[in-house]
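One is the number of the first residue; the rest follow in order along the sequence. Remember, it's a predicted structure, so these values are computed and weren't measured experimentally.
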Amino acid sequence: MQMKFISRKHVTLLVMSLLLVSSSYQAKAQQGFVHESSTEYQWPEEKGVLKKLDAWQDQKFGVLFHWGLYSIPGIVESWSICSEDVDWIPRDSTIAYEDYKRDYYNLIHKFNPTEFNPDQWAEIAKAAGMKYMIFTTKHHDGFNLFDTKQTDFSVMNSAFKDNARANVAKYVFDAFRKKDFMIGAYFSKPDWHSEYYWWPRYATPNRNVNYKIERHPERWESFQKFTYNQIEELMSGYGSFDILWLDGGWVAAPRQDIKMDSIAKMARSHQPDLLIVDRTIHGKYENYLTPERAIPDKQLPFPWESCITLSSDWGWVPNAKFKSANDVIALLVEVTAKGGSLLLGVGPTPTGIIEPEVERILREIGGWLKVNGEGIYNTRITPVYHASNVWFSASKDGSKLYAHYIPSKDTDMPDTIEWENNIPAKNSSVLLLKTGEKLKWSRNGNKIKVNLSRKAKQLKEPLVFVFNIEKK
């Protein structure tokens, strides 16, 4: 018989046990801040949403583009205008806060990405083996990269306003649709530029709304309408979407209620079966979980993605240090074995292109996936998923297993690869996807030893073996 894989029927019991060990995450951060993740999951009830969710789980590898005013000076997204005293929010302390915030907002007059080339973004992402995309239509600073009618603080009033492609979100989404990506719109629920959220009457001590909603309900109602209208503009005027990716989890009921029921109903009226990702807010509108800069300690039996940056920041910064292609592949392998997807953060330059070093890394990842993607795409978890440097994934129908060997850095390939359990069927082959070779293997009890060929030992990248599993 085929292997027994984790199904929704077992979710309730598994969640209770797995969450005891998965509530802490392995931080991959250099910034020192990990977005808190939900520790519970609620399956959608809509059949169409479930079907799209299953299709999304097949994709495995996506790209998240952070791009905006913060890209001009190359700083940590829009967080520098949030007056919280933490080490990962750098700010020139010689400038008074209000002056700094004014100068930041004035960057709208310098936003002029004259080399803006969304077709280049899409072509490189496609070559990287990415299958879905999320584009930041508005970050917390409130600068809109689409033609919103709710505020003047948008790209349509920037230094780029006279360019034929000034409505950049439209051209980004269109470019990726042409490449058959699943399309997602990032949208920040908090808006630090809106006077309905940060009221100029009061100081802005932190990321939250800066007035008491219970004392000024009419102002908060204006913010609710503002948010609803902006999301409707996106959902009704920018083509088809698969994902609405909402950031800013502190904006949520009961204190900062933006009426998610009405937003979701409206969004799905324009975009049937839309996946809604209300990040960190457990419930029916967090269709998949999004641990940030982290990978769960254990497998999770529900949909999730790790959001991890290629450099140390989400947006473009000068002289950035990037993860190598093999580093990203190792992350992708681990995430896949644990049942998730990898959303890789890439920051286009202030001029509007993906810089050459990033392009080189992404194309190298894509070269690996072109050969080894069978062990990543359309796979699902298997009960025994990790043994030392080897991670396992299973074909969706359970007929094959994939063993992913992650070599140690700065060491030669070993003569043999070993693991316990996940026993290949008798007289079956263990195939190395990279070379197409059938490798010799042996079994001693539950231990498996695969002998590497001379050709395989010369490789300097993760290896993927495929084999049929022993029937029980």
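In this structure, a donor-acceptor pair under 3.5 Å is absent between the side chains of Ser324 and Asn326. With hydrogens and angles left out, the side-chain atoms of Trp56 and Glu305 include no donor and acceptor closer than 3.5 Å. A side-chain N or O of Ser395 and one of Asp397 form a donor-acceptor pair less than 3.5 Å apart.
Centroid-to-centroid, the aromatic rings of Phe135 and Phe181 stay 6.0 Å apart or farther. In this structure, Trp67 has its ring center closer than 6.0 angstrom to the ring center of Phe111. Between Phe116 and Tyr171, the ring center distance fails the sub-6.0 Å criterion. A ring-centre distance under 6.0 Å is not found for His404 and Trp391. In summary, the aromatic rings of Phe173 and Phe241 are positioned with their centroids under 6.0 Å apart. For Trp304 and Phe302, the ring centers sit 6.0 Å or farther from each other.
Proximity of Asp247 to His140: side-chain heavy atoms (C-beta onward) are separated by under 4.5 Å at one or more points. Within the 4.5 Å cutoff, side-chain heavy atoms of Trp419 are placed close to those of Val450.
Scored by the salt bridge (charged side-chain N to carboxylate O under 4.0 Å, His left out) test, Lys131 finds no partners at all (sequence neighbours excluded). In this structure Asp273 satisfies the side-chain contact (heavy atoms from CB on, under 4.5 Å) test with no other residue, sequence neighbours excluded.
Salt-bridge check for Asp174 with Arg165: failed, with every basic side-chain N at 4.0 Å or more from each acidic carboxylate O.
Taking a 6.0 Å sphere around NZ of Lys460, one finds it holds more than 12 heavy atoms contributed by other residues, nucleotides or ligands. Counted within 6.0 Å of CG on Asp92, heavy atoms from surrounding residues, nucleotides or ligands total more than 12; the atom is thus considered enclosed.
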